Every structure is written in C-alpha cells, then in structure tokens.
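Accompanying notes for the structure given below.
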Amino acid sequence: MMMKQQQQQLLLPLMFLVVVAAAAAVAADPRPQPQQLQVQHQKQQPQMRMRMSRSLLQPPKLDCPSSCSVRCSNNWNNEMCNEMCNVCCHKCGCVPPGTGQDTRHLCSCYDTMVNPHNPHKLKCP
C-alpha cells in the first residue's frame, strides 16, 4: 500500500513536468500560423495597397490616401472625390478597386453609405 502511495506522489510532479514541456514546445514553434501565411501570400493590387502594422495580431491596415487617389484618378472633381473616398475608407476599411461604379459591390459598407443630408445620394465615390 505504501509503495503505491509513493508511486502516485512521484507520478504527479512527473505529469506536471510533461505538461509544462509540451506547453513550452508549442509556444516556441517556429512554424508560421495559417493566418500569418494568408497575410504573407496575399497579392496586392495597385488599388488596395496595404500598410504593414507592427503587431502580428492585427490585420494590415489599408493605405487610404493611395487607394483613394487611384480610385479618384479619372474623376472630374478629383479633390472632392479624394476627400469623400478617404472618409469612407477610414470608416469602412476598404476601397473598391478600379475607377468605375461596377466594382462598388466588392466593399459593401462603401457601397451602402449614404449622404446624411440627402439619404437618396451615395456618400462614397
């Protein structure tokens, strides 16, 4: 009986050491996680340039000024277009690629935002 008790007392610290060692091995794993691989392999289009953030936990931030300058490059009122596009970009976190209205649906927030003074008029160019 006494031997069985001694075995149990030795087994508990041994199990604790195994759990700690396994946790340390998982924490020190040099392989990138699937989410990190996705961010590294994304192709960047000229309309959707990403600014790399310092934290690996946050997704890359959209570079609104350069994305909006591409979006508004063919607009007749470039200054106003850039201003409204930047407002929408900062609120939505996306800008549709290209310069036409046919790609608006790719960014639903950008596509559905309306002018607060005239709810029948879209806010984002």
Side-chain angles (χ1 to χ4, degrees):
M1 181 83 165
M2 189 164 187
M3 189 144 162
K4 192 171 188 174
Q5 204 173 27
Q6 286 176 341
Q7 286 177 345
Q8 287 178 347
Q9 287 176 348
L10 289 174
L11 188 60
L12 186 60
L14 184 61
M15 288 175 54
F16 177 74
L17 287 175
V18 169
V19 170
V20 168
V26 170
D29 188 7
R31 294 178 298 187
Q33 299 299 319
Q35 186 179 14
Q36 292 171 339
L37 287 175
Q38 259 183 354
V39 171
Q40 291 171 357
H41 295 296
Q42 284 179 343
K43 291 184 179 179
Q44 296 178 352
Q45 298 176 353
Q47 295 86 1
M48 299 187 106
R49 292 186 188 103
M50 300 289 181
R51 185 182 315 143
M52 294 306 293
S53 61
R54 290 180 182 233
S55 173
L56 293 176
L57 301 176
Q58 296 174 347
K61 294 183 179 171
L62 182 66
D63 186 8
C64 290
S66 64
S67 296
C68 286
S69 68
V70 171
R71 176 94 178 144
C72 295
S73 62
N74 292 343
N75 194 293
W76 66 275
N77 195 347
N78 198 308
E79 191 174 317
M80 185 180 75
C81 178
N82 269 315
E83 185 179 327
M84 291 292 99
C85 179
N86 275 295
V87 168
C88 295
C89 176
H90 287 294
K91 285 187 179 180
C92 296
C94 62
V95 173
T99 57
Q101 298 297 314
D102 56 332
T103 58
R104 289 180 67 89
H105 69 280
L106 297 176
C107 178
S108 61
C109 169
Y110 189 98
D111 187 32
T112 57
M113 196 178 298
V114 292
N115 186 327
H117 303 293
N118 183 357
H120 300 291
K121 185 176 180 183
L122 296 172
K123 181 178 185 105
C124 306

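Here the structure is a predicted model, which means the values were calculated and not measured.
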### Task
Take the SG atom of C81, take the SG atom of C72, and say whether they are under 2.5 Å apart.
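The answer is yes, since C72 and C81 bring their SG atoms under 2.5 Å apart.
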### Query
When you take the SG atom of each Cys, C85 and C64, is the space between them under 2.5 Å?
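Taking the criterion (SG atoms under 2.5 Å apart), C64 and C85 fail it, so no.
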### Query
Residues two or more places apart in sequence or in another chain: which of them pass side-chain contact (heavy atoms from CB on, under 4.5 Å) with N74?
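For N74 the side-chain contact (heavy atoms from CB on, under 4.5 Å) partners, ignoring immediate neighbours, are T99.
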### Message
The criterion is side-chain hydrogen bond (donor to acceptor under 3.5 Å, both in side chains); which residues satisfy it with N77, sequence neighbours excluded?
### Response
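side-chain hydrogen bond (donor to acceptor under 3.5 Å, both in side chains) list for N77, sorted by chain: empty.
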### Results of side-chain hydrogen bond (donor to acceptor under 3.5 Å, both in side chains) for N75 - residues two or more places apart only
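Once residues adjacent in sequence are excluded, N75 has no partner under the side-chain hydrogen bond (donor to acceptor under 3.5 Å, both in side chains) criterion.
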### Query
Tell me, which pairs form a side chain to side chain donor-acceptor pair (under 3.5 Å) where one or both residues lie in residues 80-97, sequence neighbours left out?
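Residue pairs passing side chain to side chain donor-acceptor pair (under 3.5 Å), neighbours aside: N78-N82.
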### Query
Which pairs with one or both residues in residues 101-115 pass side chain to side chain donor-acceptor pair (under 3.5 Å), sequence neighbours excluded?
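Listed once each, the pairs are R71-T103, Q101-R104, R104-D111.
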Validation: residues 116-125 side-chain donor-acceptor distances under 3.5 Å, sequence neighbours left out:
from: N118; atom 1: OD1; to: H120; atom 2: N; distance (Å): 3.2

### Query
Are any non-hydrogen side-chain atoms of C89 and L62 less than 4.5 angstrom apart?
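Side chain of C89 against side chain of L62, heavy atoms only: contact under 4.5 Å found.
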### Query
Does a side-chain heavy-atom distance below 4.5 Å link P65 with D63?
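P65 reaches D63 side chain to side chain.
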